[in-house]
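For ligands, and for the atoms within them, numbers begin at 1 and follow the listed sequence. Keep in mind the model is a prediction, meaning the values are calculated, not measured.
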Amino acid sequence: MIDIATNIAALTAKIQQVSAQSATWDREITLIAVSKKQPAAAITQAHAAGQNHFGENYVQEAVVKMAELTQKSLIWHFLGPIQSNKTKLIAEYFDWVHSVDRLKVAQRLSSQRCASLPPLNICLQVNIDQDPAKSGMTAADCMKIGLEVARLPNLRIRGLMVLPSQGQSDESLRASFRRGAGLFKELGDYLRQHAAGDDFDCLSMGMSGDFELAIAEGSNMVRVGTAIFGPRSS
Ligand SMILES: *Cc1c(COP(=O)(O)O)cnc(C)c1O
């Protein structure tokens, strides 16, 4: 029997502990509960345990669950690959998008985000190890399009989502996260030089298996599924 509340409490304690051990600067770490392939009832349990941020990868699945959960004040993060024909629903239903991997997707999200809603929070997805099996931009592409994304209306560029290759040793994983943190600082500085980076404050990095390493290297937003909800249904 999976006890979601206990898992969240243990994870929160662990996050605080790792952060306190490694922090040389003040940092509040946001925990996103990745609820893809989990039922709405599991989200309700997590919310009852104090969890507000939820991550989803599949638009259709997410929209169905959101319809069951409208009475709750939940913050929704989109994490999955983005096909162009799905941007409209994402712009309509989500508060955050972490998986922006090309300028065209950002432009579509901007034009499809209703101006009466708060701006959509955006992270650029970085393929930090240049892994051909992963989507996401190179570091050079991030530097190239970051400013253009920052200047789009109806969006707020918030940071980076860094995805390392799977199956690395802890040491090389740590090096990947460190490069991610370096790029985060570099792009943030560049945006601020151009008066566009005031809200660039989120380094989305770390999942169930590696959040401790990611936090040690500077992450302030972790996306955790399995360690909260247990294995996914398919
Ligand atoms: C599924 C997913 C996660 C959560 O993975 P777990 O290993 O279950 O914690 C985090 N980030 C992204 C982008 C995902 O697709």
Describe, in one word, how the ring planes of H53 and H77 are oriented to each other, choosing from parallel (under 30°), tilted (30 to 60°) and perpendicular (over 60°).
tilted

Taking the six-membered ring of Y58 (Phe, Tyr or Trp), confirm whether the NZ or CZ of K37 is under 6.0 Å from its centre and within 45° of its axis.
yes

For K36, the ligand 1 atoms whose distance to one of its heavy atoms is below 4.0 Å:
1 (C), 2 (C), 3 (C), 14 (C), 15 (O)

Is the shortest distance from a heavy atom of H98 to ligand 1 less than 4.0 Å?
no

For E56, which of R223, K36, R232, K65 qualifies under salt bridge (charged side-chain N to carboxylate O under 4.0 Å, His left out)?
K65

Sub-4.0 Å atoms of ligand 1 with respect to non-hydrogen atoms of G225
4 (C), 6 (P), 8 (O), 9 (O)

Of all residues at least two apart in sequence or in a different chain, which pass the salt bridge (charged side-chain N to carboxylate O under 4.0 Å, His left out) check with R179?
D129

If you scan protein heavy atoms around atom 9 (O) of ligand 1, the nearest is S208 OG, 2.5 Å

Give the atom numbers and elements of ligand 1 that come within less than 4.0 Å of a heavy atom of V224.
9 (O)

Pair listing, ring pair (Phe, Tyr, Trp, His ring centres under 6.0 Å) test, anchored in residues 105-163, at least two apart:
none

Atoms in ligand 1 with a heavy atom of N57 nearer than 4.0 Å:
14 (C), 15 (O)

Please verify the inter-ring angle class for F94 with F78; under 30° counts as parallel, over 60° as perpendicular, anything in between as tilted.
perpendicular

Ranked by distance from atom 12 (C) of ligand 1, the top protein heavy atom is R223 NE, 3.8 Å

heavy-atom search around atom 5 (O) of ligand 1 in the protein gives M207 CE, 3.5 Å

Only one of K185, R174, R27 passes salt bridge (charged side-chain N to carboxylate O under 4.0 Å, His left out) with E217, and that residue is R174

Protein residue, atom and distance nearest to atom 8 (O) of ligand 1, heavy-atom basis
T226 OG1, 2.5 Å

